[in-house]
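FYI, the numbering just counts along the sequence from 1. Note that the structure is a prediction, hence the values are computed from the model and not measured.
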Amino acid sequence: MNPPGLRPAPEPVREGASRAAAREAALWREADAFIRQHHDEEPAPGGLGDRLAAVRQEIHRTGTYRHTPAELTFGARVAWRNSNRCIGRLYWRSLRVRDLRHLTDAEPIADACADHLRIATNGGHIRPLISVFAPDAPGRPGPRIWNEQLIRYAGHRADDGRVLGDPRNTGITRLARRLGAPGGPRSAFDVLPLIVEGVDDKPRAFELPPDAVLEVPLTHPGGLWDEEWGLRWHAVPAISSMCLEIGGICYPAAPFNGWYMGTEIGARNLADTDRYDLLPRIAERLGLDTSSDRSLWKDRALVELNLAVLHSFDRAGVTMADHHTESARFLRHMENEARKGREVHADWAWIVPPMSGATTPVFHRTYDATERRPGFVQHPEAAARARGESIPRHRPGTPSGRTTQGYGTAGPRWATGPRSCPQGVTPGRCP
């Protein structure tokens, strides 16, 4: 039923109608659903009918619409609440939203990302934070951040195929060098520059200033290894390659963070065989028999590595959750949502921690994995950008077969030198 004064929703678009009309009808349906949800959960002065009428008129006139600041904040928080792969959703209402939709160019966006890290780091008391830049609009894609996260470590591939650093990031490391980035000291933990593509611009590389990146040296509480190994990890897991989708509007550059759960670092980033692969080295230091998996040497080494991660973050005074505590918090989140009449959706393979899963209460459950909106969406082209791959750039509102400039690892013809950000100024396993 439509509010008083609002015209009925459009009929389904008949075969042969223009693509523009089809897009407008689809956008209206999503906008209508979101604005009604916002009004239901957070009633505000002005009335639902007036707001829906204004949005529908704006879509008809421009092919898009602009969220109010309250809608943007609500949509970003609900996107976290809807994140099927995130175990740390208990505090979704605490997400701070930076409305930076006026920023479209690469350099100010890179500066704002450095500020995001400073604000989120908060002296080690990590704050959940999202910075929302300009959205996609008809005929004009919004800005993009190519990096998977605002902070990632480079992967330097040698001629013999071996990798110094994080093998996950070899492609974007090559791209950064082609864009003129200096490449760091060639260590196992060189912070990658940000690669930002502004509206109507080419990708550019920007070095993150040291004061924006808090890192934690990783040592073992029992002295199994100390700082001589040079292990460390950054404090803020700020996802930057996912699209924030609210009411049919796509914000392709919207980096967001919670805080780390220890197993993200200790059981995945440092332990996976296609990442830093530290388990054999730790097992050797422990004197374990690695000739057979049956000795459980991997399990024993994994526990010691995760113990070291938790110990190091605690010693540094940096917020970090452990997988047992975060699992219990997730059940509290489910209880809170049930009292509101909302079902919690989740992806079991991501909610269950990557170690000791059966000892956590989230293991012994099933979940509806249906994705909902608002939400954070990983588009295939964004994943390709995070790998440093060349992709065609499609302008929203153009036929799917048409593209504009293609960017990627095509070579230095379009590379620009690094531009530095100014100096001195997850929860859980979020997707």
Item to check | Lys/Arg-Asp/Glu bridge criterion (N-O < 4.0 Å) met for R81, E41 | outcome: yes
Item to check | Parallel, tilted or perpendicular: rings of Y367 and F330 (30°, 60°) | outcome: perpendicular
Item to check | Pair E335 + R332, salt bridge at N-O below 4.0 Å | outcome: no
Item to check | Carboxylate-amine/guanidinium proximity below 4.0 Å for D32 and R29 | outcome: no
Checklist entry - Given the rule in the side-chain hydrogen bond (donor to acceptor under 3.5 Å, both in side chains) test, do H116 and S131 qualify, once you have shown the distances and angles that lead to the verdict? => result CA-CA 7 Å; H116 177 115; S131 297; 2.7 Å; yes
Checklist outcome for this item: The side-chain hydrogen bond (donor to acceptor under 3.5 Å, both in side chains) partner of W233 among Y153, Y260, Y276 is Y260
Item to check | Over 12 non-hydrogen atoms of neighbours within 6.0 angstrom of CZ in R275 | outcome: yes
Item to check | Pair D190-H156, side-chain donor/acceptor within less than 3.5 Å | outcome: yes
Checklist entry - When you measure from the centre of the six-membered ring of W348, is the NZ or CZ of R365 under 6.0 Å away and within 45° of the axis? => result no
Item to check | Salt bridge flag under 4.0 Å for residues R89 and E337 | outcome: no
Checklist entry - Given T73, which of V132, V78, V97 fulfils the side chain to side chain contact (heavy atoms under 4.5 Å, CB included) condition? => result V97
Next on the checklist: Under the rule for salt bridge (Lys or Arg N to Asp or Glu O under 4.0 Å), what residues qualify as partners of E148, not counting sequence neighbours?
Outcome noted: R152, R168
Next on the checklist: Please find the pair of heavy atoms, one from S312 and one from T219, that lie closest to each other, and give the distance.
Outcome noted: OG-N, 2.9 Å
